[in-house]
Novice: 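Starting off with a structure, shown below.
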Amino acid sequence: MKNKALSSVLQNWIPKIFSFLIALFIVLAVRFMNVNDRVVTLPLHVILPDSYNAVSLVPETIDAVITGPDSIIYLVDPSAITATADFSSVDAPGIVRVPVSLDYRDDVYTRDGLVVSSRPSTVRILFEEK
């Protein structure tokens, strides 16, 4: 009995593996073909240090990229997302790079399969002593 079951599974194994790989490719293609990006420009709240002056330009906006199904990404309210760059921990003059922090309700976005990221993901500013 065991030999019959094993031989029926191993018989024609090349077409079976090939069929499985094609089915896997189709599932992945359908899953990711409906994923699009929506880019919105958000105001960037920059927190500057008290003991240093910003010599270079301080960015005022950042692009937020909302990735997900096309039917959902346009329902997202961009005003519910805030972008912050915190330079308050600067302790020496020079060019400082910090990541952009996006604040939003995680549960709403992750439940619907949305991913929110910033472009660029970091901001850099040149500082000099006051």
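Sequence positions, counted from 1, serve as the residue numbers for this chain. Just so it is clear, the structure is predicted and the values come from calculations on it, not from any experiment.
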Novice: Under 4.5 Å between any side-chain heavy atoms of T82 and Y104, yes or no?
Specialist: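 No, too far: nothing below the 4.5 Å cut-off.
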
Novice: Taking C-beta and beyond as the side chain, do L44 and T84 meet within less than 4.5 Å on heavy atoms?
Specialist: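 No, side chains not in contact.
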
Novice: Applying a strict under-4.5 Å side-chain criterion to I, L, V, M, F, W and Y, I'd like to know whether I62 and V65 cluster together.
Specialist: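 Different hydrophobic clusters.
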
Novice: Search all heavy atoms of V76 against all heavy atoms of P78 and return the closest pair with its distance.
Specialist: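 Answer, listing the atom of V76 first, then P78: O-CD, 3.1 Å.
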
Novice: Hey, what do you get for OG (S19) to CD1 (I14), rounding to the nearest 0.5 Å?
Specialist: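 The CD1 atom of I14 is 11.5 Å from OG of S19, to the nearest 0.5 Å.
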
Novice: Are L57 and V55 linked, directly or through intermediate hydrophobic residues, by side-chain heavy-atom contacts shorter than 4.5 Å (ILVMFWY only)?
Specialist: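 In one cluster: no.
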
Novice: Rounded to the nearest 0.5 Å, what's the gap from CG on N36 to CZ on R38? Could you check?
Specialist: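 Separation between the atoms: 12.0 Å.
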
Novice: Do you know which two heavy atoms are closest between R124 and R97, and how far apart they sit?
Specialist: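 Result for this residue pair: NH1-NH2, 3.5 Å.
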
Novice: Do V98 and V58 share a hydrophobic cluster, counting only Ile, Leu, Val, Met, Phe, Trp and Tyr and linking them when any side-chain heavy atoms are less than 4.5 Å apart?
Specialist: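 They do share one cluster, since a chain of ILVMFWY contacts under 4.5 Å joins V98 to V58.
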
Novice: Quick one: closest heavy-atom pair of D86 and S88, and the distance?
Specialist: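 That would be OD1-OG, 2.7 Å.
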
Novice: With a cut-off of 6.0 Å (strictly less than), are more than 12 heavy atoms of other residues, nucleotides or ligands near CG of D77?
Specialist: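 For D77, atom CG is crowded (more than 12 foreign heavy atoms under 6.0 Å).
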
Novice: Cluster question for you: counting only ILVMFWY and a side-chain heavy-atom cut-off of under 4.5 Å, with indirect links fine, are V39 and L42 together?
Specialist: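 No: no chain of side-chain contacts under 4.5 Å links V39 to L42.
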
Novice: Which is it for I72 and L114 under the side chain to side chain contact (heavy atoms under 4.5 Å, CB included) test, yes or no, and what are the steps along the way?
Specialist: CA-CA 8 Å; I72 299 174; L114 297 176; 3.8 Å; yes

Novice: Would a 4.5 Å heavy-atom cut-off, applied to side chains only, mark F127 and I95 as touching?
Specialist: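 In short, these two side chains do not touch, never coming nearer than 4.5 Å.
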
Novice: Working to the nearest 0.5 angstrom, can you tell me the gap between K130 NZ and D50 CG?
Specialist: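 Between K130 NZ and D50 CG, I get 6.0 Å after rounding to 0.5 Å.
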
Novice: Tell me the closest heavy-atom pair linking A83 and L102, and the distance in Å.
Specialist: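 So the minimum-distance heavy-atom pair works out to CB-CD2, 3.7 Å.
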
Novice: So do the side chains of P59 and I125 get within less than 4.5 Å of each other, counting heavy atoms only?
Specialist: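 Yes, close enough: below the 4.5 Å cut-off.
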
Novice: Among D37, I66, V116, find the residue that satisfies the side chain to side chain contact (heavy atoms under 4.5 Å, CB included) test when tested with I73.
Specialist: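 So the option named by the test is I66.
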
Novice: Tell me, with the steps shown, if S101 and D103 meet side chain to side chain contact (heavy atoms under 4.5 Å, CB included).
Specialist: CA-CA 6 Å; S101 172; D103 297 319; 3.6 Å; yes

Novice: Just so I know, are the side chains of L21 and F25 near enough to count as touching, which here means a heavy-atom distance under 4.5 Å?
Specialist: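 Side-chain contact under 4.5 Å: no.
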
Novice: Please answer: with hydrophobic residues joined when any side-chain heavy atoms are less than 4.5 Å apart, are V40 and L75 in the same cluster?
Specialist: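 In one cluster: no.
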
Novice: So that I know where these two stand, are Y52 and F87 an aromatic pair - ring centroids less than 6.0 Å apart?
Specialist: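 They do not qualify: ring centres at least 6.0 Å apart.
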
Novice: For V90 and P49, which heavy atoms make the closest approach, and how far apart are they?
Specialist: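 It is CB-CG, 4.0 Å.
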
